[in-house]
Peer 1: 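Provided herewith is a single structure, encoded as structure tokens, for subsequent inquiry.
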Protein chains: 2
Amino acid sequence: MRTPSKSKLQMADIARLAGVSTATVSRALSGSKLVNDETRKRIEELAGSLEYTVNIGAKNLRSGDNRTIAVVIPYQSSARQTLCDPFFLSMIGELATVLTENDYEMLLSRVDENDMPTIGSLYTGGRAAGIIIIGQWHHHDDLNALAARGVPMVVWGSKLEQQVYCTVGSDNELGGLQATSHLIKLGTKKILFLGDVELPEVASRYKGYCKAHKKARLAVNPQLCLSVSFEAGLARQSIANHFSEEVNFDAVFASSDLLAVTAISALNELGIRVPEDIKVVGYDDIDMAQHYRPSLTTIRQPLELAGPEILSVLERQIRGERVVSSLLPTSLEIRESSGFEDGQHAG
Amino acid sequence: MRTPSKSKLQMADIARLAGVSTATVSRALSGSKLVNDETRKRIEELAGSLEYTVNIGAKNLRSGDNRTIAVVIPYQSSARQTLCDPFFLSMIGELATVLTENDYEMLLSRVDENDMPTIGSLYTGGRAAGIIIIGQWHHHDDLNALAARGVPMVVWGSKLEQQVYCTVGSDNELGGLQATSHLIKLGTKKILFLGDVELPEVASRYKGYCKAHKKARLAVNPQLCLSVSFEAGLARQSIANHFSEEVNFDAVFASSDLLAVTAISALNELGIRVPEDIKVVGYDDIDMAQHYRPSLTTIRQPLELAGPEILSVLERQIRGERVVSSLLPTSLEIRESSGFEDGQHAG
DNA sequence: CTGAAAGCGCTAACAC
DNA sequence: GTGTTAGCGCTTTCAG
């Protein structure tokens with residue numbers, strides 16, 4: 001795949017045209033002070049008009065610098081799902097913005113969950129200065145191994161015990177507490193928790209759910225925890241099955257907005273109204289949450305804080321500093337699905 | 001930002017440890033046939049256990065190969081909006097999947113629209129083998145200039161007259177025709193078109209809108225074309241203003257689902273019901289379209305075809321072949337917002 | 001201030 | 001089969 005067209009312009013060409021050496025061109029173009037202003041100007045104009053750009057690969061190789069950050073999105077090969085959760089998609093958009101603004105390039109990789117152990121090669125192979133992993137899923141051990149090898153990395157997820165790697169995430173336990181307390185205050189007693197508690201982030205949300213019960217001196221009924229996949233397709237069936245059996249709850253706390261929406265659809269199909277019959281709270285505050293009918297009461301994860309924080313932590317790690325995991329605040333966005341008529345947030 | 005930690009393993013280390021030359025290591029690791037099976041095995045095991053990976057930058061530099069594709073998302077610096085349109089977000093996810101599956105790396109760049117002329121440097125600077133640009137917006141001239149310079153590139157958008165560059169896009173005119181014909185068949189006579197007709201893709205959709213009128217021997221009323229920005233925030237105000245003045249239409253064809261949703265909210269706030277009072281058809285078939293209430297009748301763009309087609313066209317271009325722009329079929333997804341009760345597609 | 005020369009980590013002729 | 005050698009395009013000492 002060698003470039004078939006006319007071979008590209010290189011520094012030597014500019015040097016010849018400007019009547020100087022490549023060293024001078026290099027200096028001029030990298031803003032070094034050790035170049036005569038006139039010479040610099042001539043070179044800059046030449047490079048500009050000829051649309052010459054330095055070869056970044058060669059530059060990196062020689063200088064040892066690297067301003068590329070790899071963003072990894074694990075996926076299950078079994079499901080071969082295309083990336084669909086809007087929250088993760090938004091996260092990618094946010095990261096793209098933040099990295100660009102800070103003069104980094106973003107390498108986006110979807111990797112099969114079975115290949116997780118290999119992603120360190122993005123760093124060891126010199127491809128990227130550091131790695132951002134979106135979602136920790138079931139990869140706790142892989143991630144620990146990676147970190148132990150000294151790969152600069154940040155994981156979007158929950159802080160766990162015995163964790164070598166570093167996470168940035170919203171305070172899932174707080175979020176779970178906020179959501180559940182809100183429902184309890186509204187007078188509901190039997191709150192169904194929806195989500196795959198095998199996932200660390202979801203487990204934390206469930207922990208918050210339990211905490212809220214304790215605070216209100218309510219017992220937690222383990223039967224009210226329905227473990228469904230994060231993936232909407234599979235979840236739908238599972239939810240529908242459960243609901244049709246016996247509706248022994250008066251509220252739902254779903255661990256993602258996608259799940260909340262799926263639940264509401266399933267309920268509606270059974271002739272159950274939200275929020276009149278059953279109140280629902282979601283999680284994430286994706287764009288759809290405001291637009292959906294009923295609009296979704298949900299726990300907002302501060303996406304606009306996440307990008308800068310992730311980068312900041314990663315940068316410190318690249319510099320070799322010791323870093324600690326970071327927790328972002330969540331907030332309750334009250335909308336219609338928990339009983340409010342007004343779509344404005346009031347939380 | 002030279003790597004602060006222990007310097008990374010390189011090919012020479014593996015060579016020394018295996019008692020061979022770097023050339024042999026290189027051959028063994030790149031699957032060349034010219035190497036003894038035993039030697040290869042020894043080298044592979046060594047590399048595996050030491051977690052060595054070849055430095056891709058150096059490899060590219062030397063071999064002239066490059067399997068990185070740049071994906072560019074233009075944005076308006078004025079708005080400093082974070083990437084929000086779900087359709088583009090999904091497109092990124094789709095591209096990430098397709099590129100990964102084909103063993104490419106994906107470099108994601110958000111670029112300020114003023115910097116569009118500079119994106120060619122991704123190619124000329126050796127950063128990427130080709131460029132995918134998502135959305136042509138107002139950049140027709142910039143894109144033409146880029147293509148004229150011989151940069152391998154594909155633009156997701158509409159085919160225009162006097163176009164040097166190559167596009168892949170859905171058949172916007174057909175989509176506009178399908179949407180409008182559907183509404184006409186339903187008996188509506190005054191269909192408001194919503195969208196920024198300055199944008200090529202939207203212009204094509206409007207062209208289809210006009211064509212549908214012609215087919216049905218209806219006159220096109222230019223007053224029924226409300227030019228609103230693609231961006232939801234700005235659009236909302238504009239739509240609300242228009243609607244409150246005088247509702248002189250009985251249907252809306254919005255050039256994106258986001259716009260459709262915005263329009264429905266605005267109508268609802270005025271006490272106008274969809275689809276009872278006014279029927280609405282959107283465009284894109286984003287995920288939300290099914291979940292929204294009322295669910296959105298919309299024109300589906302075949303995202304799952306887009307990724308492979310874009311890559312295929314780009315690859316041919318990288319190989320130096322001549323390519324033609326490509327048009328993907330659209331389809332009508334009939335749902336509640338145009339008057340159906342049932343969420344199933346019947347298009 | 002500028003140039004000559006060495007080499008970043010790797011691959012590809014060319015020898016043997 | 002394998003080693004030797006020469007660079008890919010650039011930056012950076014080190015002399016001047």
Side-chain angles (χ1 to χ4, degrees), chain A residues 1-3 6-44 47 50 52-68 121-129, chain B residues 1-3 6-44 47 50 52-68 121-129:
Chain A
M1 204 170 298
R2 178 162 236 119
T3 326
K6 64 235 172 216
S7 82
K8 295 176 194 168
L9 210 58
Q10 30 184 101
M11 196 172 272
D13 300 313
I14 305 292
R16 195 165 9 82
L17 263 34
V20 294
S21 71
T22 59
T24 303
V25 176
S26 172
R27 281 192 275 255
L29 260 30
S30 64
S32 159
K33 289 279 161 207
L34 306 89
V35 164
N36 187 349
D37 275 352
E38 275 186 39
T39 318
R40 144 170 303 111
K41 210 175 156 197
R42 196 168 73 246
I43 292 172
E44 278 175 348
L50 265 47
Y52 166 76
T53 348
V54 299
N55 181 313
I56 304 175
K59 178 196 175 112
N60 285 352
L61 179 57
R62 176 60 233 231
S63 66
D65 251 28
N66 190 339
R67 290 196 71 82
T68 301
S121 68
L122 287 166
Y123 170 70
T124 58
R127 201 74 195 79
Chain B
M1 200 170 299
R2 176 161 237 120
T3 326
K6 63 243 174 211
S7 82
K8 293 176 195 167
L9 210 59
Q10 17 185 112
M11 196 172 272
D13 300 314
I14 305 292
R16 194 164 13 80
L17 262 33
V20 294
S21 71
T22 59
T24 303
V25 176
S26 171
R27 283 191 277 253
L29 261 29
S30 66
S32 158
K33 289 277 160 212
L34 306 91
V35 68
N36 187 348
D37 274 352
E38 276 185 39
T39 319
R40 143 170 304 112
K41 210 175 156 196
R42 197 168 73 245
I43 293 172
E44 277 175 349
L50 265 45
Y52 165 76
T53 348
V54 298
N55 182 312
I56 303 175
K59 178 194 175 110
N60 285 351
L61 179 57
R62 175 60 233 231
S63 65
D65 248 30
N66 190 339
R67 290 196 70 84
T68 301
S121 68
L122 287 166
Y123 170 71
T124 57
R127 202 73 195 80

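Computation of the quantities below employed the complete heavy-atom set of this structure, encompassing side-chain atoms and omitting hydrogens, waters and symmetry-equivalent molecules.
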Peer 1: Considering only C:dG3, D:dC10, D:dG3, which nucleotide approaches the side chain of B:A23 most closely?
Peer 2: D:dG3

Peer 1: Partners of B:T53 by side-chain hydrogen bond (donor to acceptor under 3.5 Å, both in side chains), sequence neighbours excluded?
Peer 2: A:T124

Peer 1: Would you say B:T24 reaches D:dT2's phosphate, i.e. side-chain N/O to OP1/OP2 under 4.0 Å?
Peer 2: no

Peer 1: Send over the distance from A:Y123 OH to C:dG9 P, rounded to a whole Å.
Peer 2: 13 Å

Peer 1: Got a sec? Which of residues 26-39 of chain A come in under 4.0 Å of DNA chain C, heavy atoms?
Peer 2: A:R27, A:L34, A:V35, A:N36, A:T39

Peer 1: Could you check whether any side-chain N or O of B:R40 sits under 3.5 Å from a backbone N or O of B:S32, counting only pairs where one atom can act as donor and the other as acceptor?
Peer 2: yes

Peer 1: Find the distance A:N60:CG to D:dC8:C1' and express it as a whole number of Å.
Peer 2: 14 Å

Peer 1: Keeping the roles fixed (side chain from A:K59, backbone from A:N66), state whether a donor-acceptor pair exists under 3.5 Å.
Peer 2: no

Peer 1: Grab the CG-C1' distance between B:N55 and C:dC8 for me, whole Å please.
Peer 2: 9 Å

Peer 1: When you get a sec, tell me which of C:dG9, C:dT11, D:dT11 is the closest nucleotide to the side chain of B:A58?
Peer 2: C:dG9

Peer 1: Using the side-chain heavy atoms of B:M11, tell me which of these nucleotides is nearest: C:dC10, D:dC10, C:dG3.
Peer 2: C:dC10

Peer 1: Please name the residue in the list A:T39, A:V35, A:I14 that meets the side chain to side chain contact (heavy atoms under 4.5 Å, CB included) test with A:V20.
Peer 2: A:T39

Peer 1: Sequence neighbours excluded and cut-off under 3.5 Å, please list the side-chain donor-acceptor pairs for residues 23-30 of chain A, or say none.
Peer 2:
residue	atom	partner	partner atom	Å
A:T24	OG1	A:S21	OG	3.4
A:S30	OG	A:S26	O	3.0
A:S30	OG	A:R27	O	3.3

Peer 1: Using whole Å, report how far NZ of B:K41 lies from P of D:dT2.
Peer 2: 15 Å

Peer 1: Could you tell me which residues satisfy salt bridge (charged side-chain N to carboxylate O under 4.0 Å, His left out) with B:R16, sequence neighbours excluded, listed by chain and number?
Peer 2: B:D13

Peer 1: How long is the line joining CG of B:L61 and C1' of C:dG7, in whole Å?
Peer 2: 12 Å

Peer 1: B:I14 CD1 to C:dG9 C1': how many Å, rounded?
Peer 2: 13 Å

Peer 1: Axis-to-axis angle across the helix from C:dC1-D:dG16 to C:dC16-D:dG1, five pairs an end, to 10 degrees?
Peer 2: 40°

Peer 1: If only side-chain N and O atoms of A:Y52 are considered, is one of them under 4.0 Å from the OP1 or OP2 phosphate oxygen of D:dG9?
Peer 2: no

Peer 1: Could you check whether the side chain of A:R62 and the base of C:dG7 have a donor-acceptor pair of N or O atoms closer than 3.5 Å, going by distance alone?
Peer 2: yes

Peer 1: Give me the atom names and distance for the closest heavy-atom approach of B:G126 to A:N55.
Peer 2: CA-ND2, 4.3 Å

